[in-house]
Amino acid sequence: MDEISLGVPRPLVDRLPDDGDDAAADMREAVAGWERRLNDAIAAADDREAASVLLAAVERFEDRVETYDAHVAELRAWGQSPIYALAWRTLYADLIEQLYDHEAVADRLDRERNARLVEDGIRLRDL
């Protein structure tokens with residue numbers, strides 16, 4: 001499997017408040033760390049194992065999207081600005097999209113997700 005590249009979308013950084021330089025730097029650092037870890041896993045594993053690691057990352061990103069989404073509602077309820085929660089939620093959703101934008105990765109992720117469904121015992125005849 002080829003290396004992947006991830007990045008923080010420029011429009012996301014541009015929408016941060018003027019004091020958002022620290023948040024932008026944190027986002028870049030987090031994305032660089034994810035990219036490095038995922039590429040290390042891809043290099044050290046066969047395609048099936050690499051797909052498993054990538055799918056675990058996608059699932060973690062999905063969990064973080066849900067977590068930050070919950071923070072948005074909570075912050076609004078308390079009368080606070082949810083701008084940073086929205087930014088992080090959008091970042092993790094975008095990272096998922098970036099992974100699926102790699103054609104070979106998208107196919108392998110779909111196959112791995114389907115394989116996990118079968119391994120978990122979900123079969124069409126059970127529906």
How close do P82 and L75 get, heavy atom to heavy atom, and via which atoms? CA-CD1, 3.8 Å
Backbone of D63 reached by a side-chain donor or acceptor of T67 within 3.5 Å: yes
Do you reckon L12 sits in the same ILVMFWY cluster as F61, going by side-chain contacts under 4.5 Å, direct or chained? yes
With rounding to the nearest 0.5 angstrom, report the CD to NE2 distance, Q80 to H71. 12.0 Å
By side chain to side chain contact (heavy atoms under 4.5 Å, CB included) - contacts of E49 (at least two apart): A45, D46
Point-to-point distance, once rounded to the nearest 0.5 Å, from CG of L99 to CZ of R108: 13.5 Å
Scan for salt bridge (charged side-chain N to carboxylate O under 4.0 Å, His left out) pairs involving residues 70-94, sequence neighbours excluded, and state none if there are none. D69-R89
Just to verify, what does Y84 make a side-chain hydrogen bond (donor to acceptor under 3.5 Å, both in side chains) with, not counting sequence neighbours? D19
List the residues meeting side-chain hydrogen bond (donor to acceptor under 3.5 Å, both in side chains) with E59, not counting sequence neighbours, and say none if there are none. R116
Locate the shortest heavy-atom distance separating V65 from A93; write the atom from each residue and the value. CG2-N, 3.5 Å
Output a table of donor-acceptor pairs, distance under 3.5 Å, between side-chain atoms of residues 35-44 and any protein atom two or more places apart or on a different chain; print 'none' if there are none.
unit_1, atom_1, unit_2, atom_2, d
E35, OE2, L6, N, 2.8
N39, OD1, I4, N, 2.7
N39, ND2, I4, O, 2.9
N39, ND2, E35, O, 3.2

Taking all non-hydrogen atoms of both residues, which atom of P9 and which atom of L91 are closest, and how far apart? CD-CD1, 4.1 Å
Treating Ile, Leu, Val, Met, Phe, Trp and Tyr as nodes and any side-chain heavy-atom pair under 4.5 angstrom as an edge, say whether V53 and Y92 lie in one connected cluster. yes
A85 versus V72, closest heavy-atom pair with distance: CB-CG2, 3.9 Å
Linked, directly or transitively: L86 and I96 (ILVMFWY side chains, under 4.5 Å): no
Would the number of heavy atoms belonging to other residues, nucleotides or ligands and lying under 6.0 Å from CG of D14 be above 12? yes
Joint cluster assignment, W34 & M27, ILVMFWY side-chain distance < 4.5 Å: yes
E29 atom CD: more than 12 heavy-atom contacts under 6.0 Å: no
Who passes side chain to side chain contact (heavy atoms under 4.5 Å, CB included) against A24, sequence neighbours left out? V13, L16, R28
Would you compute the distance between atom OG of S5 and atom NE2 of H102 and round it to the nearest 0.5 angstrom? 4.0 Å
Given side chains that start at C-beta, do those of Y100 and D110 come closer than 4.5 Å, heavy atoms only? yes
